[in-house]
Each structure stands twice: as C-alpha cells, then as structure tokens.
Amino acid sequence: MRNHDSEPVLSVQNLQVSFTTDDGVVRAVDGVSFDVYAGETVCIVGESGSGKSVMAGSILRLNNSSTATTTGKILLGGVDVLSADESVVRGLRGSEVAMIFQDPMSALNPYYTVGDQIAEAYLVHHPEVSKKDARQVVLQMMIKVGIPSPEKRIDEYPHQFSGGMRQRIVIAIALINSPRLLIADEPTTALDVTVQAQILDLMMDLQKEFGMTILLITHDLGVVAEVAQDVIVMYAGRIVEQSDVEAIFHAPTHPYAWGLLGSVSSYGASKRGDLFTISGSPPSLISLPEGCAFHPRCVHSLGSGSRCQSEKPVLRPVGNNGSRSACHLADEVLVSIGTGTGAR
Amino acid sequence: MNSDIALQAINLVKYFPTGSSGLLGRPDKSVKAVDGVSLTLRKGATLGIVGESGCGKSTLARVLTRLIEPTSGQVILNGADITHTSGKELRDVRQQMQMIFQDPVSSLNPRHSIGQIIGMPFTVQGQFDKEATPVRVRELMKLVGLNPEHFNRYPHEFSGGQRQRIGIARALALNPSVVIADEPVSALDVSVRAQILNLLEGLQAELNLSLVFIAHDLSVVRHIADEVAVMYLGKIVERGPAATVYTHPAHPYTKALLSAVPIQDPSSRGGAGRIRLQGDVPSPIDPPSGCRFRTRCWKAEALCEEQEPLLTDDGSGRLVACHFPEETPVAIGNRAQ
C-alpha cells in the first residue's frame with residue numbers, strides 16, 4: 001500500500017451489516033475495514049452476493065434500518081456516519097459524498113425534467129440560490145458531462161435520453177455539489193461497451209478536474225484494470241485481498257483472486273483451451289461455511305481438520321509489494337503461486 | 001445444396017410495425033430490427049454473433065429458430081427451407097434445432113420439477129415414455145454436470161449456473177444438430193460463466209453440435225467461436241474467421257468495438273490507438289441513409305451517405321461492408337495465438 005500522510009477521506013472500521021429475513025439472518029458484510037485517501041480511485045470487486053453494494057449503501061446509511069443491523073464505524077471526514085444524527089447524514093449526502101447507481105433509468109424520476117432533477121440536488125445544499133441562477137449552474141454541469149445542446153435538453157424528460165446520456169445526467173446530479181467522495185455502484189454495467197468506454201473516460205476526466213476520490217464497485221475486472229489504483233476483492237461479505245492494481249493483476253495473493261483472474265476470457269487470447277474455473281458457486285450468506293468462507297471451492301485448501309475449515313483468516317500483509325491477503329496458506333506459497341497465475 | 005452447411009440465412013429481414021399516425025391509426029413506421037442478414041453455419045462449427053443492445057441479434061436468433069416468422073428472406077436448416085413451415089413440420093424443425101436462453105430464471109417454469117422440465121420436449125414431441133424418458137432425463141442431467149438425484153427438485157433450489165445447466169439439458173434432450181444460444185452466460189457471475197462456457201465447448205465436441213453463440217461480450221465470443229459476425233443496426237458489417245476479425249478488424253465499427261473493451265492489464269491503460277466512438281446508436285426506426293455506421297464513423301465521406309456498402313470478400317475469406325475498410329496486412333497475423 002502506498003504511504004499516506006494525510007487523513008483518509010473515508011475510513012471503514014470493522015463494518016458488519018446483517019439483515020433479518022424469514023429464512024434467517026443474512027450476514028451481508030462481515031467485518032470489513034479499509035481506508036480511502038484523497039484523490040484515489042479504489043475499486044471493490046466481487047461477484048453478486050459478495051456484499052459490495054450493501055457495504056457501499058451503508059456509507060451513506062441507505063440500507064433499510066428496520067431490517068438491517070449495522071455495527072462498526074464509518075468515518076467520513078471525522079464524522080461517524082453510523083452514529084450521527086439523521087440531519088448530519090443528510091447534510092453529507094450529495095455535498096460531501098455522492099452516489100451513482102447501476103440503472104440510470106430507475107435513478108431518475110420520469111415525471112420531472114432532467115434540468116429540474118439536477119437543480120434539485122443543487123438547491124437542497126444551496127437554498128439561498130435563486131432558481132434562475134441554479135439553472136445556469138445546471139447548464140454548466142451539463143456541458144461538463146458532455147450533453148450536446150444543453151439549452152434544449154435541460155427541459156426534456158429522462159425517457160427522451162439514451163442509456164448513456166441518462167447516466168451522464170446521473171453523474172451531473174452526483175457532481176453538482178463537488179463532493180469529495182464519489183461512490184459509483186456498477187455505473188457502467190447496464191451500458192454497451194462503446195458507451196461504457198465514454199462514461200469511464202468522463203469519470204476519470206471529471207475526477208482530475210474536481211480532485212475527487214472515487215470508490216467504484218464493479219464485477220468487471222477489465223474496468224478495474226482501466227481505472228483503479230487500489231483494489232479490494234470481496235467474497236461472502238469479507239475482504240479477501242487488498243492490493244494495488246499492478247499487484248492484483250500480476251501477482252495476486254489470494255486463491256479466490258487467482259480463480260477470478262483465470263476464469264476470465266480475454267479477447268486477445270486465442271480460441272479454445274479450457275478456461276480455469278472455480279468449482280461450485282458462491283455460498284449462501286445465511287449459512288456460511290465454517291472457517292474460511294471460500295474453502296469449499298478452494299483447490300489450495302489445506303484439507304479436512306485444517307485451519308481453513310475452522311478459523312476465519314485475517315487480512316494480513318503478504319509479500320513485499322504492499323498486498324494484504326486473508327488466507328491461511330504460507331506467505332511464500334501465496335507469493336509464488338500468485339506470481340505464476342497473474343495476467344500475462 | 002452443400003451438405004457441409006447446418007444452417008443458412010439468406011437475406012433475412014424482420015420489421016416490427018410501430019407508430020399509429022397512419023391511415024385509420026394503423027402502424028405507419030417499422031423498427032428495422034433485422035435488415036438483410038445472410039449467414040452460414042458449418043456443421044460442427046461455432047458461429048459467434050456480436051453487437052451492442054438494439055443491433056438485432058436477439059431478433060435474428062428468434063427468426064433463425066422460427067419463434068417468429070421473418071418479413072422476408074429464407075432460413076435453411078440441413079438443406080430444407082424452413083422459412084414458412086408450420087404444424088407438424090415445424091415440430092420436426094424444433095427437434096433438429098433448439099435454443100438456450102439468457103435468463104435461467106424466467107426460462108424455467110417454477111412449478112415444474114427439473115425432471116419435468118428436461119422431459120418436456122419428449123412430451124411435446126409425443127415421444128414421452130414412462131420407462132425410457134426418466135432414464136434419458138437422468139442421463140442428460142449427468143451430461144451437463146447436474147446430480148441426477150435432484151430429479152424431483154424445483155428451479156428455485158438451484159443456483160444461477162445450475163439453472164443454466166438445466167436449460168442446456170432441456171435444449172439437448174432431443175439430440176438437436178443445431179443449438180442457438182442467446183447470451184447464455186451474460187446473467188452469470190464470472191467464476192460460474194467459465195464453467196458454463198467450458199461445458200458448452202465440451203458438449204459441442206462430444207455431440208458434434210453446430211452452435212450459434214450470440215453475445216454482447218466480445219471476449220466470451222472470442223473464446224468460443226470459429227467464425228464471427230458483427231452486427232450494427234440490423235445489418236452484418238463484418239463476418240469472417242474469428243482469428244482474422246479479432247486480430248485485424250476491417251470495419252471501423254469492429255475496430256471501435258474491440259478498442260472499447262477494457263483490457264485486463266493495468267500496464268496497457270490509456271494505450272495508444274484507442275478509439276472512442278461519439279454518440280449513441282441511431283434509432284432502427286429511421287436508420288441513416290447509405291452506411292448505417294457513418295454518423296459515428298471517423299472515416300465517413302460523402303459516398304458513405306449516398307451509397308450503402310455491400311458485404312464483400314476482402315480476399316482473406318472475410319467479408320466486410322465498408323467503403324473504406326482498414327488495411328489488412330498481406331500476411332494475416334496470428335500474434336495473439
């Protein structure tokens with residue numbers, strides 16, 4: 001991990017989120033800690049059900065409080081979000097921290113013009129500004145996110161925009177108050193590749209312009225390789241590996257990360273040749289396996305009666321490039337296999 | 001008729017009527033979902049069809065399987081024209097050609113057990129046999145890597161990957177020679193996706209299937225296909241051997257599409273030669289004149305607006321529909337192999 005002198009923008013400490021359902025308690029996030037520093041882009045990778053979206057939602061306290069139990073600490077610029085008053089959290093939402101969601105259609109209200117929706121986000125945090133002035137701010141923002149002829153489009157409704165343009169509107173809403181931290185939950189998953197490339201470029205350009213910190217949640221390792229500095233890999237509600245982006249692709253240090261990288265086909269590779277697979281499927285969060293949650297699918301598991309089956313591995317430094325891994329295998333083993341399985 | 005060809009599409013067209021401002025409120029416009037597509041699938045080969053959403057690839061799949069009837073054009077399956085078959089003949093067609101769907105949840109009846117679902121094709125075809133069918137169903141379950149003991153379980157008891165295996169077993173029940181898979185892995189997680197791709201490849205070799213594999217994910221198609229067809233706004237813009245198309249794309253759209261795929265290697269970030277297309281895909285109701293890609297193409301000239309480029313062989317066995325295709329090196333490189 002790089003050295004950081006300053007305070008982290010976001011510090012998550014031993015976060016646990018569980019939901020009570022008719023079938024039992026779902027442990028969606030099970031003890032997650034990490035820091036995000038100013039100007040960084042941190043990617044959280046994981047398959048569906050790994051807890052990445054629930055984790056992101058709890059940063060702004062968006063999870064349903066009647067069913068979710070959240071413990072731990074989330075520090076945003078010194079404020080503990082989990083114990084703060086609702087009014088304090090409301091002040092943070094949108095101004096300090098903004099969020100972009102996967103589906104740009106359901107994130108926008110079909111009954112209001114896009115201009116009104118962008119202006120609303122601005123006026124909530126700037127009640128002294130007149131509507132006329134707000135409109136100018138909105139127009140400027142629409143130009144920044146690359147919407148052609150904004151004077152005309154500001155008065156149009158979401159259905160008149162394409163998927164990529166809608167996601168630009170969502171980004172405009174998120175950035176109108178110049179937040180310090182942008183949380184993007186699968187922002188390009190619903191988009192086609194050519195549009196995804198446009199949106200990723202836009203986010204990176206705006207990050208430079210606004211000096212934002214980005215927490216990007218994705219399941220797409222290609223996106224990670226394009227934008228991340230730090231990468232956090234989640235599995236069954238826990239962080240299994242945290243490394244910088246070079247290390248995660250060239251010398252990953254967790255068996256799950258090896259599997260994930262190996263099971264991806266890349267178009268540069270030639271046809272045929274079996275893809276490496278991780279056997280089985282992700283576990284149910286209601287009844288997680290004892291010990292390491294990944295051990296039933298792990299080909300490197302130390303076998304029956306070993307710590308893999310009885311003891312939850314703790315995230316610890318492995319190797320000399322700052323990677324941290326939650327695996328019971330010996331450091332030398334993790335480093336040597338990891339170097340061999342990394343991307344070419 | 002060449003007996004080496006499993007499935008052929010000749011100038012397929014499918015328009016969906018839309019709008020209501022015509023005479024007596026009749027539809028006066030149409031969505032040109034598939035607009036003159038010709039394809040050939042060789043026996044035992046895999047043809048990949050790629051394109052972005054709205055390019056018509058799923059409509060093409062449904063026309064090829066005769067789930068919907070084309071507006072014009074022909075579909076030829078194992079030498080027989082099936083474009084306008086119906087009734088008993090169409091049922092015979094279904095036996096030879098089956099489909100695997102994208103969504104493993106909505107394509108399985110939640111009230112039927114796995115045994116019933118995989119056995120349904122036999123019932124539909126009037127081949128149900130109290131003794132033989134359950135035996136065959138268990139065989140199929142084993143073939144696709146499901147535990148035959150789960151015969152009486154229901155879809156909700158299975159994970160996404162296993163449900164897709166059920167869908168594959170059902171498609172293979174009647175020993176079809178052609179299977180059309182429409183985005184079979186895009187609803188699955190990466191680790192499970194690889195399992196299903198390996199399974200499909202293995203089954204294809206074992207059963208000598210001819211496979212049409214439709215996907216928006218270029219890397220998945222690269223992995224499985226022998227030949228690739230790239231679609232844009234209802235038309236095929238480029239078609240040829242996968243190795244050629246992927247290493248030396250000739251159509252600007254193919255090139256841009258490949259260039260937009262994020263590369264899984266942080267050291268190649270922001271690499272030179274990346275192409276970023278501007279804007280979005282135009283509406284298929286009113287596609288641009290001439291070449292349909294010209295509104296987003298950086299090479300477009302007046303000719304592109306006036307004249308539609310035809311799909312022509314560039315001399316290497318690859319077809320491209322462009323007035324100004326990318327230069328192909330004299331020797332087709334195999335550097336990625």
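Chain letters run A, B, ... following the sequence lines, proteins first, then strands; residues in each count from 1.
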Engineer: Indicate the atoms forming the closest heavy-atom contact of Asp189(B) with Glu47(A), along with that distance.
Structural biologist: CB-OE1, 3.0 Å
Engineer: Can you tell me how far CD of Gln198(A) sits from CG of Leu277(B), rounded to the nearest 0.5 angstrom?
Structural biologist: 7.0 Å
Engineer: Among Ala228(A), Ser279(A), Ser284(A), Pro148(A), which residue forms the greatest number of heavy-atom pairs with chain B at distances under 4.5 Å?
Structural biologist: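 Ranked by heavy-atom pairs under 4.5 Å with chain B, first place is Ala228(A).
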Engineer: Below 4.5 Å from any heavy atom of chain A, which atoms of Ser53(B) appear? Answer side chain, backbone, both or neither.
Structural biologist: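 For Ser53(B), the contact with chain A is made by backbone and side chain together.
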Engineer: State, yes or no, whether a side-chain contact exists between Asp201(A) and Arg276(B) at a heavy-atom distance under 4.5 Å.
Structural biologist: yes
Engineer: In this structure, are over 12 heavy atoms from other groups packed under 6.0 Å from Arg42(B) atom CZ?
Structural biologist: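 Result for CZ/Arg42(B): open.
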Engineer: Any heavy-atom pair between the side chains of Arg296(B) and Thr194(A) that's under 4.5 Å?
Structural biologist: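 Contact flag for Thr194(A)/Arg296(B) side chains = yes.
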Engineer: If I measure from the heavy atoms of chain A, does Gln162(B) come under 4.5 Å with its side chain, its backbone, both, or neither?
Structural biologist: neither
Engineer: Top residue by heavy-atom pair count (under 4.5 Å) with chain B, among Gly49(A), Gly280(A), Pro282(A)?
Structural biologist: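 Looking at each option in turn, the highest pair count goes to Gly280(A).
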Engineer: Under 3.5 Å, side chain of Glu226(A) to main-chain N/O of Pro266(B), donor-acceptor pair present?
Structural biologist: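 No, Glu226(A) side chain to Pro266(B) backbone: no donor-acceptor pair under 3.5 Å.
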Engineer: If we define contacts as heavy-atom pairs under 4.5 Å, which of Met165(A), Glu246(A), His219(A) has the most with chain B?
Structural biologist: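 Winner by heavy-atom pair count: Glu246(A).
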Engineer: For the side chain of Asp192(A) and the backbone of Glu52(B), is there at least one donor-acceptor N/O pair under 3.5 Å apart?
Structural biologist: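 Between the backbone of Glu52(B) and the side chain of Asp192(A) there is no qualifying donor-acceptor contact (under 3.5 Å).
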Engineer: Any chance NZ of Lys299(B) has more than 12 other-residue heavy atoms, nucleotides or ligands included, within less than 6.0 Å?
Structural biologist: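 Atom NZ in Lys299(B) is crowded, with more than 12 foreign heavy atoms closer than 6.0 Å.
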Engineer: Would a 4.5 Å heavy-atom cut-off, applied to side chains only, mark Ser281(A) and Gln195(B) as touching?
Structural biologist: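 Not in contact.
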Engineer: Please tell me if the side chains of Gln196(A) and Pro262(B) come closer than 4.5 Å, counting only heavy atoms from C-beta onward.
Structural biologist: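 A side-chain contact under 4.5 Å exists here.
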